[in-house]
Amino acid sequence: MQPYYYLVASKRFLREEEDLDEVLTERVRNYHEQEKEIDFWFIDRPAFLDAPELASVKAKVPQPATAIVSTNKQFITWLKLRLEFVATGEFQAPSATIPDPIAVLTTA
């Protein structure tokens, strides 16, 4: 199993109030220049929040939620220092409760 680190908040906060598109676009550009593999994903309605072990996190985050998931702990830490009103943590995947770390919920 692989450790994944996440930053999660309401979709409205991350998509409209913070608008992280510029930050993430710059990070992608930098990764391409360094020929580094992308190690983060921006996920609307992340399915991992439905795992029983993350029920307390889901209860604290206004829905619908959006998350940034990464295998790079320092990236998530850097984002957390830059943003307010977010929750961060980690999980292991694939697992029985989180088979796909970047899956999106398909039902409301």
Side-chain angles (χ1 to χ4, degrees):
M1 285 196 295
Q2 165 81 41
Y4 289 87
Y5 307 92
Y6 65 85
L7 178 142
V8 65
S10 74
K11 180 178 180 177
R12 181 175 180 268
F13 177 73
L14 284 182
R15 289 283 191 185
E16 297 171 21
E17 293 178 29
E18 280 301 323
D19 193 21
L20 291 175
D21 290 339
E22 183 179 336
V23 170
L24 297 177
T25 299
E26 175 58 27
R27 185 136 180 121
V28 167
R29 184 194 60 75
N30 181 269
Y31 274 37
H32 286 303
E33 285 178 0
Q34 295 180 15
E35 297 180 5
K36 188 174 176 186
E37 186 175 331
I38 301 297
D39 59 4
F40 63 92
W41 302 268
F42 201 33
I43 307 166
D44 284 330
R45 301 182 60 227
F48 73 83
L49 285 178
D50 280 353
E53 62 268 29
L54 294 172
S56 64
V57 175
K58 184 176 182 177
K60 293 176 187 173
V61 176
Q63 300 297 314
T66 293
I68 298 171
V69 176
S70 180
T71 56
N72 183 333
K73 184 177 184 176
Q74 288 75 28
F75 177 53
I76 297 301
T77 300
W78 177 79
L79 284 173
K80 169 68 174 157
L81 293 172
R82 188 179 178 282
L83 301 170
E84 294 182 69
F85 312 116
V86 298
T88 59
E90 67 181 89
F91 59 85
Q92 298 279 326
S95 69
T97 57
I98 306 174
D100 181 352
I102 59 172
V104 174
L105 290 174
T106 56
T107 58

Legend entry - Any I98 side-chain heavy atom under 4.5 Å of L54 side chain: yes
Legend entry - Any side-chain donor near an acceptor of the partner, E53 and T97, under 3.5 Å: yes
Inset, instruction - Taking the side chain as every heavy atom from C-beta outward, state whether P101 and F48 have any pair of such atoms under 4.5 Å apart. - result: no
Inset, instruction - Please tell me if the side chains of E17 and R12 come closer than 4.5 Å, counting only heavy atoms from C-beta onward. - result: yes
Legend entry - Distance (rounded to the nearest 0.5 Å) between K80 NZ and T88 OG1: 5.5 Å
Inset, instruction - Report whether L49 and V86 are members of the same hydrophobic cluster (ILVMFWY, side-chain heavy atoms less than 4.5 Å apart, transitive linking). - result: no
Inset, instruction - Please work out which of the three classes, parallel, tilted or perpendicular, describes the rings of F85 and F13, given edges at 30° and 60°. - result: perpendicular
Inset, instruction - Return the minimal non-hydrogen interatomic distance between A67 and P46, and the atom names on each side. - result: CB-CG, 3.8 Å
Legend entry - D44 side chain near V104 side chain, heavy-atom distance below 4.5 Å: no
Legend entry - Side chains of E26 and N30, donor plus acceptor under 3.5 Å: no
Inset, instruction - Quick one: closest heavy-atom pair of S70 and D39, and the distance? - result: OG-O, 2.7 Å
Legend entry - ILVMFWY network linking I68 to V57, side-chain heavy atoms under 4.5 angstrom: no
Inset, instruction - Mind checking the CG-OH spacing from L79 to Y5? Nearest 0.5 Å is all I need. - result: 15.0 Å
Inset, instruction - List the steps and the verdict of side chain to side chain contact (heavy atoms under 4.5 Å, CB included) for V23 and R27. - result: CA-CA 6 Å; V23 170; R27 185 136 180 121; 5.7 Å; no
Legend entry - Separation of E37 CD from H32 NE2 (nearest 0.5 Å): 11.0 Å
Legend entry - Common cluster, I102/F91, ILVMFWY with side-chain heavy-atom separation under 4.5 Å: yes
Inset, instruction - Given side chain to side chain contact (heavy atoms under 4.5 Å, CB included), test R82 with L20 step by step and report yes or no. - result: CA-CA 11 Å; R82 188 179 178 282; L20 291 175; 3.5 Å; yes
Legend entry - Minimal non-hydrogen separation, P3 against Q92, with atom names: CB-NE2, 3.5 Å
Legend entry - Distance, nearest 0.5 Å, that separates NZ of K58 from CD of Q63: 5.5 Å
Legend entry - Under 3.5 Å donor-acceptor, E35 side chain and E33 backbone: no
Legend entry - Exercise: identify the closest heavy-atom pair between I43 and A103: CG2-O, 3.9 Å
Inset, instruction - Using the rule that two of Ile, Leu, Val, Met, Phe, Trp, Tyr join whenever any of their side-chain heavy atoms come within less than 4.5 Å, decide whether L105 and Y4 are in one cluster. - result: no
Inset, instruction - Please assess T66 against V8 for the test side chain to side chain contact (heavy atoms under 4.5 Å, CB included), listing each intermediate value before the final yes or no. - result: CA-CA 6 Å; T66 293; V8 65; over 6 Å; no
Inset, instruction - Say whether L83 and W78 are linked into one hydrophobic cluster, either directly or through other cluster members, by side-chain heavy-atom distances under 4.5 angstrom. - result: yes
Legend entry - Parallel, tilted or perpendicular: rings of F75 and F40 (30°, 60°): tilted
Legend entry - From OH (Y6) to CD1 (I76), nearest 0.5 Å: 10.5 Å
Inset, instruction - Would you give the length of the straight line joining atom OG of S95 to atom CG of D100, rounded to the nearest 0.5 angstrom? - result: 10.5 Å
Inset, instruction - Might you confirm whether atom NZ of K36 has over 12 heavy atoms from other residues, nucleotides or ligands at distances under 6.0 Å? - result: yes
